[in-house]
Each structure stands twice: as C-alpha cells, then as structure tokens.
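Report on one structure; see the data block that follows.
Lettering of chains follows the sequences in order, A, B, ..., and the numbering in each one begins at 1. Not measured: the values here are computed from a predicted model.
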Protein chains: 2
Amino acid sequence: MNATEILKLHEIKKTPGRIAIINALVNYNQPLSENEIKAEMQEMYDRITFYRNVQALTQAGIIHKIVIDNTTVKYGINHCDHGHQHQNEHAHFFCEQCHSVVCLEEVKIPEYNLPSGYKCTESDIIIKGKCKKCNQ
Amino acid sequence: MNATEILKLHEIKKTPGRIAIINALVNYNQPLSENEIKAEMQEMYDRITFYRNVQALTQAGIIHKIVIDNTTVKYGINHCDHGHQHQNEHAHFFCEQCHSVVCLEEVKIPEYNLPSGYKCTESDIIIKGKCKKCNQ
DNA sequence: ATACAAATGAAACAATGTTGCAAATATAAA
DNA sequence: TTTATATTTGCAACATTGTTTCATTTGTAT
C-alpha cells in the first residue's frame, strides 16, 4: 500500500508533505527522527508544517510517536493500519550506539499489577542497549 | 537521613542548591518537576545551577531522572541509597489528571525476550492513567 | 470550473537544556 | 583559624524542540 492509498484509507488530505513523511518511514522500514525525515524531504521540508503533519498523521492512526527520552523522539509507521487508533501496543528498542529504533512487535505491553486505586490508560516500554547490527 | 548526611555519604560537596533539591524531594515524598522544585527553592533558584546539580546528584546516585514524555521530566530520590549507581529498577506511574508521578517500587522491570542479537542495558516503563487520589 | 474547508509557511514566541568563563565557595590540610 | 585548591556558581549567549496566529495557497467534492 502506497502513501496515497494510506492517506485515502484514513480519510485525510493527500499533501506532498504527508506523502514524503510516509514514504520516508516506509522506505527506511524503521522509525525515524525529525532530522532523518527532514534529510529525505530535502528542500520541501518546513518545520511548522512537519509538526502539524506529524500531529495529523498520528491522530489519523497512520504513525505513532516514540519518545526515547526528553531529547530524542522518533516516528514509526503503524502496521496494523485497518481502522483508526488501533495502537498495536508493543515495546520499542533504542540502540545507544547507532541511535536506531526498532518496533519490537513481539514484545507486547503487559497488564501491570497496579496498587489499588490506580487505573492505567496507556503504557510505554523503552528498552535501551545495542542492536543486532552494532553487536556484530 | 537528612540532606547533609546524604551528600556526605555520596561524597559530593554540600551546597545550598543541592540541599534544597534533596529537601524538596524528601519533603514531598514523590518525584517533582523542575518547576515544582523551583517553587520550593524560591529566590535561591538558578536554572543553570539547577541543571548542573541535577546532573551531579544523578551521577552520585542520589536522585533519578524520570522522563514521562519529551516535555515532562521529573526527578525522584533514590531510596536504596547505600552505594552508587544502585538503580533499583522500577516502573513509574504518571497521572494524566493531576500530573503527579509515583515510583511503583513493587512493579519491577522484567527481563524482556529480545530478538537474537539484541542486548539490553537499561529499560524504562511509564504507565499513564489516573492515580489513587484522582480516582476518588 | 468552482467553492470551501483544510493545509501551508512566515514571524514570533515559549520551554528545556548546554557551554565558556570569571567570580565565589566548600573542604581538606597547615 | 587561615590558607590553598579544586569545585561550584551565576551570567551571557546559544541550541533544540515545539506551538500559536494569521494571511495565502492548495486539495477535493460537487
């Protein structure tokens, strides 16, 4: 499924900026940072538009934001893309050497045993270490 | 154990700024943001010094940084404070209503089953929802 | 082709965090 | 208690990340 089809499926407007973001994520096949996406977009990149498109794509359920720490954010494409908001909840891996991020689809977010009175609506797992490539 | 004793135990210099940060965290008995600590420190607060003291206290193993998302950071005091770097690994809870953070000492960080080739050095769990007080 | 809502891009702002450097201070030793 | 020295402080300046307002442009359904 290409960018145009993804945008149509999720009923948001097809614009060059959105297509470029989706294409970057699909082509690299892994979550990317703003700067990595910017590099792909070249002169078409505009910071304000980028942030707004990231919001729009996130709301539409096309991408998800991955916060590694307060200064590192990546964006990943959603694979379970039939329908909206279907966050297929998984852990994320961050390589401290090459700074790549991998969606660990097989590492699901568990139900935690919270102290009584606490209600969970969402949870995030960030696993940091050395990725496959960097371990070779 | 008071701030002076904590600083001496961890062998870093006793300064008014460090004492104030430790006292704020101990008195509130929960992780606080920069602004919450700033409010406690009043006119003694200086941004640059604050950031440097946070670094020093973190390195000394006295406090730990809790990144809720890219715009929300809290600092919590370490309870297992005999010795350095003894990060007692636990999950953190963030209340989306009152924005308080709770160290869930009883929710331990598990060993994850990573794909072969991946090595983990550290992992973070942030659980978001509604805390005990806000659920009443 | 056109109408209208939505998206864009510029300027300006806000929050968070860092670095270099001179002055001030904490602490150990005399 | 005084002194010596390494550490810490606070200022100025900067870097990065993200948001808001508003006029202009563009996407898309009719």
Side-chain angles (χ1 to χ4, degrees), chain A residues 2-23 31-39 41-75 84 94 99 101 126, chain B residues 2-23 31-39 41-60 62-75 94 99 101 126:
Chain A
N2 64 33
T4 299
E5 294 170 319
I6 292 173
L7 289 167
K8 182 155 256 172
L9 180 66
H10 290 84
E11 295 173 314
I12 63 167
K13 284 194 178 173
K14 177 176 98 173
T15 68
R18 294 174 183 176
I19 293 171
I21 293 173
I22 293 175
N23 283 340
L32 300 178
S33 66
E34 174 180 355
N35 279 330
E36 288 162 340
I37 295 171
K38 172 184 178 180
M41 294 175 76
Q42 298 185 276
E43 72 292 323
M44 147 198 297
Y45 166 85
D46 171 82
R47 272 175 45 73
I48 292 103
T49 303
F50 174 82
Y51 279 106
R52 281 194 283 226
N53 279 334
V54 156
Q55 283 192 340
L57 294 169
T58 302
Q59 241 184 303
I62 296 172
I63 66 174
H64 59 287
K65 181 177 180 174
I66 305 157
V67 177
I68 301 304
D69 60 45
N70 53 319
T71 58
T72 312
V73 173
K74 299 252 183 172
Y75 304 95
H84 315 255
F94 175 71
H99 294 179
V101 168
I126 302 295
Chain B
N2 64 33
T4 300
E5 294 170 322
I6 292 173
L7 289 166
K8 184 155 253 173
L9 180 67
H10 290 84
E11 294 171 315
I12 63 167
K13 285 195 179 170
K14 176 177 96 173
T15 68
R18 292 174 185 174
I19 293 172
I21 293 174
I22 294 174
N23 282 341
L32 300 178
S33 67
E34 175 181 355
N35 279 329
E36 288 160 341
I37 296 171
K38 172 183 177 181
M41 295 175 76
Q42 299 185 273
E43 72 293 324
M44 145 198 296
Y45 166 86
D46 171 82
R47 270 174 47 73
I48 292 102
T49 302
F50 174 82
Y51 279 108
R52 281 193 283 224
N53 279 334
V54 155
Q55 282 191 341
L57 293 170
T58 302
Q59 240 183 305
I62 297 172
I63 66 173
H64 60 287
K65 182 177 179 174
I66 305 157
V67 177
I68 301 303
D69 61 44
N70 53 320
T71 58
T72 311
V73 174
K74 299 253 184 173
Y75 304 96
F94 175 72
H99 295 177
V101 168
I126 302 294

Legend entry - B:E34 vs B:P16, nearer the 5' end of DNA chain C by closest nucleotide: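 On the 5' side of the pair lies B:E34.
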Legend entry - Residue whose closest nucleotide on DNA chain C lies nearer the 5' end, A:N53 versus B:N70: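 First, find each residue's nearest nucleotide; the 5'-ward one identifies A:N53.
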Inset, instruction - Using a heavy-atom cut-off of under 4.0 Å over every strand shown, decide if B:T49 touches base, sugar-phosphate, or nothing. - result: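 Here B:T49 touches the bases of the nucleic acid.
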Inset, instruction - Give A:R52 one of three labels, base, sugar-phosphate or nothing, depending on what nucleic acid heavy atoms sit under 4.0 Å from its own. - result: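 Base, at least one base heavy atom under 4.0 Å.
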Inset, instruction - Answer yes or no: is there an ion pair linking A:E34 with A:K74, defined by an N-O contact shorter than 4.0 Å? - result: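 No, A:E34 and A:K74 are not salt-bridged.
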Specify the separation, in whole Å, of atom [atom1] of [X] and atom [atom2] of [N].
X: B:I66; N: C:dT16; atom1: CD1; atom2: C1'; answer: 17 Å
X: A:I12; N: D:dT26; atom1: CD1; atom2: P; answer: 19 Å
X: B:K8; N: C:dT27; atom1: NZ; atom2: C1'; answer: 9 Å
X: B:E43; N: D:dG10; atom1: CD; atom2: C1'; answer: 15 Å
X: B:I19; N: D:dT9; atom1: CD1; atom2: P; answer: 10 Å
X: B:I48; N: C:dC21; atom1: CD1; atom2: C1'; answer: 13 Å
X: B:I68; N: C:dA15; atom1: CD1; atom2: P; answer: 20 Å
X: B:I21; N: D:dT9; atom1: CD1; atom2: C1'; answer: 13 Å

Are [X] and [N] close enough that a side-chain N or O sits under 4.0 Å from OP1 or OP2?
X: B:Y51; N: C:dT18; answer: no
X: A:T71; N: C:dG17; answer: no
X: B:Q55; N: C:dG17; answer: no

So if I take every side-chain heavy atom of [X] and compare against [options], which nucleotide ends up nearest?
X: A:K13; options: D:dT8, C:dA26, C:dA5; result: C:dA5
X: A:D46; options: C:dA10, C:dT27, D:dG27; result: C:dA10
X: B:K14; options: D:dT19, C:dA7, C:dT27; result: C:dT27

Inset, instruction - By nearest nucleotide on DNA chain D, pick out whichever of A:T15 and A:V73 is the more 5' one. - result: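 Result: A:V73.
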Legend entry - Reported CD1-to-CD1 distance for the pair A:I68 and A:I126, which is rounded to 0.5 angstrom: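 Output value for this atom pair is 4.0 Å.
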Legend entry - Near-ring test B:H64/B:Y75, centroid separation under 6.0 angstrom: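 No.
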Inset, instruction - Establish whether the base of D:dG18 is bridged to the side chain of A:R47 by a donor-acceptor pair shorter than 3.5 Å. - result: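 Yes.
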Inset, instruction - Using atom types as modelled and distance alone, determine if a side-chain donor or acceptor of B:E5 lies under 3.5 Å from a backbone N or O of B:N2. - result: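 At least one qualifying donor-acceptor pair exists.
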Inset, instruction - Please test A:N35 against A:S33 for side-chain hydrogen bond (donor to acceptor under 3.5 Å, both in side chains), starting from the C-alpha separation and ending with a verdict. - result: CA-CA 5 Å; A:N35 279 330; A:S33 66; 5.4 Å; no
